[in-house]
S.K.: 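Pasting a structure here, questions to come.
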Amino acid sequence: MAENPSNPGPTERPLHFIESLIEADNASQRWGLADDSGLPRVHTRFPPEPNGYLHIGHAKSICLNFGLAKKYSGRFNLRFDDTNPAKEEQEYVDSIKRDVKWLGGDFDDGPNAGGVFYASNYFDEMYEFAKELILKGKAYVCELSAEEVGKRRGSPTVPATSPYRDRPIEESMRLFREMKIGRFPNGSKTLRAKIDLASPNFNLRDPVMYRIVHESHHNTGDKWCLYPMYDWAHGLEDSLEGITHSICTLEFENHRPLYDWFMNSINEGRTPDGSGPWGRIVHHSQQIEFAKLQLTYTVLSKRNLLRMVNEKLVRGWDDPRMPTISAIRRRGFTSRAVRAFADEVGCTKTESVIDIGRLENAVRHDLNKHAPRTMSVLRPLKVTIENWPEGKTDELDFVVNPEDPSAGTRKVSFGREIYIEQEDFMETPPKKFFRLAPGQEVRLRWAYFITCTGVEKDAGGNIVAVRATYDPATRGGDAPVGPDGKPTKKVKGTIHWVGAHNAIEAEVRLFDRLFAAEAPGERTGKWEDDLNPNSLEVITAKLDPALASAAPGDTFQFERLGYFCVDPDAAAGKLVFNRTMTLKDAWAKEAGREANG
RNA sequence: UGGGGAUUGGUGUAACGGUAGCACGACUGACUCUGACUCAGUUAGUCUAGGUUCAAAUCCUAGAUCCCCAGCCA
């Protein structure tokens with residue numbers, strides 16, 4: 001993760017609203033001082049439910065939460081909010097840990113590590129707190145079925161009802177204990193908070209705190225058949241971990257009154273020194289909501305991503321076309337680029353949709369600085385240099401990364417037969433086409449100037465090969481210098497090439513956006529209708545032989561084409577590359593303009 | 001027809017009663033052995049209507065539009 005020291009890093013940007021809030025808290029020492037650093041306490045967390053793979057939207061949250069801990073010398077926890085055994089799996093726990101770590105969220109290592117936690121490890125404490133609420137007359141066991149509760153829910157102006165609301169405390173206590181030891185079937189009873197059945201905020205209409213689920217849990221096994229609901233559990237998790245700023249997305253704004261009600265109810269009757277019947281006051285974190293990330297040309301919901309995987313619309317969770325963290329990692333995005341992107345798009349309460357181009361640019365920007373270059377040809381066209389001797393080769397210097405002088409140079413081998421890109425040749429070129437054409441001279445990068453002398457076609461009239469002559473005075477790609485010290489000739493175009501005598505072949509997977517519409521599903525109501533049929537093209541390319549030793553995950557720029565990385569599918573003797581991202585292409589734009597008049 | 005939020009160029013995002021700024025995109029141009037990168041310039045905005053004020057994106061009033069909420073999901 002070492003940044004180039006010559007890179008000044010991200011420029012100063014103004015504080016966003018959460019940072020302002022934290023700085024105000026720090027100034028007033030609202031959360032006290034940390035024992036180790038003596039600095040104002042800042043403790044954040046990322047609390048995923050392990051029921052799916054993390055995606056780029058989660059990345060924004062991870063970068064936000066970890067970034068705040070880092071910025072204010074605080075701590076960052078990874079916490080699995082695993083309160084629903086029916087949906088959660090160990091596979092997801094493992095993938096989430098890997099993805100958070102990859103993004104730089106160092107939850108268990110380094111100065112900001114807070115640790116990894118599981119809501120399910122707090123079930124005993126939560127159970128005790130629940131009994132306290134029953135004792136305080138703030139919770140009761142309800143025997144309405146889910147269906148009946150629905151019917152009795154009321155409307156914005158009509159209150160809800162429950163016939164069990166005023167049952168004696170002792171009775172609720174007895175039933176709650178019996179719920180815990182498995183005496184009742186699923187759905188037969190719940191523990192409900194006694195708040196306000198007439199509240200216009202439905203979350204306060206006596207919400208369920210516990211439901212009975214006879215199902216094995218990935219962490220606690222069969223110890224429990226009683227599972228806490230999100231609203232009840234979440235504030236307690238934050239409290240137990242000493243979280244200062246409990247950051248979540250906008251849809252939880254309506255839940256904040258409930259979050260606070262639970263904490264205030266627990267603290268009712270508690271004292272700072274623990275005197276009195278209920279003990280010491282517990283920590284009450286502040287919930288803060290921000291707008292989650294939305295992207296053009298992208299579907300970002302766990303439910304729909306799961307469908308894409310299950311219905312085999314993609315090859316899996318880590319199909320490089322997916323917006324999951326594991327997919328973009330496989331595709332070759334760097335976590336550095338994702339972090340820069342997350343920082344650039346900011347953090348507000350405005351629900352905005354970010355142009356996917358911003359993410360793509362962040363990746364280009366990062367890889368431009370770091371990716372070694374190669375010359376590789378995706379769609380080969382053979383060129384024979386007629387005035388180059390048969391069998392002779394020439395070893396020429398190639399600059400590994402012009403953006404990074406320390407990367408140095410290496411050799412590339414030139415010969416009588418080479419491959420160039422099909423689209424770098426036109427028999428009848430338009431005006432601003434600076435590449436190879438009959439009678440037209442171009443530079444072969446780092447090699448020689450060549451002039452096209454002829455075209456070979458098959459019976460169908462398709463171009464199958466090209467003939468050319470080279471200028472021996474241009475070795476290395478430099479035009480000869482005249483007596484005045486100036487180049488004697490200039491060419492407008494420089495194209496890449498690879499020697500036919502030593503090129504290696506590899507599978508290359510060309511990805512395009514998974515969706516062809518800016519807002520998938522907007523047109524017909526079904527995002528499936530906007531799937532891009534051309535989101536994957538697999539070709540066999542002619543590569544720079546230096547790539548023969550590349551290992552999975554290695555990233556390169558194929559000059560003039562884009563960034564490519566080795567896919568894990570690669571095996572000994574069988575290279576597979578993913579196209580991470582194309583380069584910007586001003587010529588494509590120009591050519592498109594000409595085509596459209 | 002209840003409650004909770006939001007609204008500034010094409011897209012994001014600042015400005016917290018005192019010159020509407022920045023980034024991305026787009027468009028020009030410069031540079032270039034990657035039609036890349038980089039650099040310079042241009043473009044374009046305060047949801048609407050009233051009001052307060054010397055002065056309003058900011059304060060007040062009324063309205064408009066969009067998002068969230070009636071899971072024993074999170």
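Here the structure is a predicted model, which is why all the values come from computation and not from measurement. Chain naming here is simple, since letters A, B, ... match the order of the sequence lines and numbering starts at 1 in each. The analysis underlying the following values was restricted to heavy atoms, covering all of them including side chains, and did not include hydrogens, waters or symmetry mates.
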S.K.: With hydrogens left out and only the distance checked, is there a donor-acceptor pair under 3.5 Å joining A/Arg358's side chain and the base of B/G25?
M.R.: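 There is none.
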
S.K.: Need one value for A/Leu250: base, sugar-phosphate or nothing, where a base atom within 4.0 Å counts as base even if backbone is also close, heavy atoms only.
M.R.: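 Result for A/Leu250 = nothing.
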
S.K.: In whole angstrom, what separates A/Arg560's CZ from B/U32's P?
M.R.: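 A/Arg560 atom CZ is separated from B/U32 atom P by 18 Å.
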
S.K.: I want to check one thing: is the phosphate of B/G35, taken as OP1 and OP2, less than 4.0 Å away from some side-chain N or O of A/Thr494?
M.R.: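 Checking A/Thr494 against B/G35: no side-chain N or O falls below 4.0 Å of OP1 or OP2.
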
S.K.: Expressed as a whole number of angstroms, how long is the span from A/Asn203:CG to B/A70:C1'?
M.R.: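 Result: 9 Å.
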
S.K.: Starting from the 5' end of RNA chain B, give me the residue, A/Pro402 or A/Val213, whose nearest nucleotide shows up first.
M.R.: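 Mapping each residue to its closest nucleotide by heavy atoms, the 5'-most match is A/Pro402.
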
S.K.: In whole Å, what is the span from the CZ atom of A/Phe17 to the C1' atom of B/G5?
M.R.: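 For the pair A/Phe17 CZ and B/G5 C1', the rounded distance is 11 Å.
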
S.K.: Taking A/Glu421 for its side chain and A/His496 for its backbone only, find out whether a donor-acceptor pair lies under 3.5 Å.
M.R.: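 A pair under 3.5 Å: no.
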
S.K.: Classify the side chain of A/Glu344 and the base of B/U13 as holding, or not holding, a donor-acceptor pair under 3.5 Å.
M.R.: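 When only heavy-atom distances are counted, A/Glu344 does not reach the base of B/U13 through any donor-acceptor pair under 3.5 Å.
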
S.K.: Classify the glycosidic conformation of B/G71 as syn or anti, calling it syn when the angle lies within 90° of 0.
M.R.: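 B/G71: syn glycosidic orientation.
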
S.K.: Is the closest side-chain donor-acceptor distance between A/Arg445 and A/Thr494 under 3.5 Å?
M.R.: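 Side-chain D/A pair, A/Arg445 to A/Thr494: absent.
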
S.K.: Are A/Met229 and A/Pro207 close enough that some pair of their side-chain heavy atoms sits under 4.5 Å apart?
M.R.: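 Sidechains of A/Pro207 and A/Met229: no contact.
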
S.K.: Rounded off to whole Å, could you give me the CG-to-P distance for the A/Leu359 and B/A23 pair?
M.R.: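 From A/Leu359 CG to B/A23 P: 20 Å.
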
S.K.: Hey, is A/Trp587 stacking on B/G35? Ring centres under 5.5 Å, planes under 30°.
M.R.: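 Check passed, A/Trp587 stacks on base of B/G35.
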
S.K.: For A/Ile354 and B/C24, what is the distance between atoms CD1 and P respectively, to the nearest whole Å?
M.R.: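 Taking CD1 of A/Ile354 and P of B/C24, I get 14 Å after rounding.
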
S.K.: What about A/Arg13, does its side chain sit under 3.5 Å from the base of B/U13 through a donor-acceptor pair?
M.R.: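 Answer is no: no donor-acceptor pair is held.
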
S.K.: In whole Å, what is the span from the NE2 atom of A/His16 to the P atom of B/A15?
M.R.: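 One finds 12 Å between P of B/A15 and NE2 of A/His16, rounded.
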
S.K.: Under 4.0 Å, counting only non-hydrogen atoms across every strand here, what does A/Arg373 touch: a base, just sugar-phosphate, or nothing?
M.R.: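 Base, at least one base atom sits under 4.0 Å.
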
S.K.: CD1 of A/Ile495 versus P of B/G35: gap in Å, rounded?
M.R.: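 Distance check: A/Ile495 CD1 to B/G35 P gives 10 Å.
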
S.K.: Need to verify one output field. Residue with the more 5' nearest nucleotide on RNA chain B, A/Tyr563 or A/Phe252?
M.R.: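 Comparing both residues, the 5'-ward one is A/Tyr563.
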
S.K.: Is there side-chain contact between A/Leu378 and A/Leu510, with heavy atoms separated by less than 4.5 Å?
M.R.: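 Sidechains of A/Leu510 and A/Leu378: in contact.
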
S.K.: Within a strict 4.5 Å, meaning less than it, do heavy atoms of the A/Thr334 and A/Val363 side chains meet?
M.R.: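 Counting from C-beta outward, A/Thr334 and A/Val363 never come under 4.5 Å.
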
S.K.: May A/Phe434 be described as stacking on the base of B/G35, applying a 5.5 Å centroid limit and a 30° limit on plane angle?
M.R.: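 By the stated criterion, A/Phe434 and B/G35 stack.
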
S.K.: Would you say A/Ile243 and A/Arg79 make side-chain contact, with heavy atoms under 4.5 Å?
M.R.: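 Of all side-chain heavy-atom pairs linking A/Arg79 with A/Ile243, at least one is under 4.5 Å.
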
S.K.: Got a donor-acceptor pair under 3.5 Å from the side chain of A/His365 to the base of B/A36?
M.R.: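 Looking at the base of B/A36, it does not pair with any donor or acceptor on the side chain of A/His365 (distance under 3.5 Å).
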
S.K.: B/C73 P sits how many Å from A/Trp232 CH2, rounded?
M.R.: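 Atom CH2 in A/Trp232 sits about 17 Å away from atom P in B/C73.
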
S.K.: Please work out if A/Thr350 contacts a base, only the sugar-phosphate, or nothing of the nucleic acid, heavy-atom cut-off 4.0 Å.
M.R.: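 Result for A/Thr350 = sugar-phosphate.
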
S.K.: Within the structure shown, what part of the strands sits under 4.0 Å from A/Phe433 by heavy-atom distance: base, sugar-phosphate, or nothing?
M.R.: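 A/Phe433: base contact, heavy atoms under 4.0 Å.
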
S.K.: What's A/Glu289 touching, base or sugar-phosphate or nothing? Going by heavy atoms closer than 4.0 Å.
M.R.: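 Touches nothing.
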
S.K.: Between the base of B/G3 and the side chain of A/Asn254, is there a donor-acceptor distance below 3.5 Å?
M.R.: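 A donor-acceptor contact between them is present.
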
S.K.: With a non-hydrogen cut-off below 4.0 angstrom, is A/Ser145 in contact with a base, only sugar-phosphate, or nothing?
M.R.: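 Base contact - A/Ser145 has a heavy atom under 4.0 Å of at least one base atom.
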
S.K.: Any side-chain N or O of A/Thr348 under 4.0 Å from OP1/OP2 of B/U13?
M.R.: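 Result: yes.
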
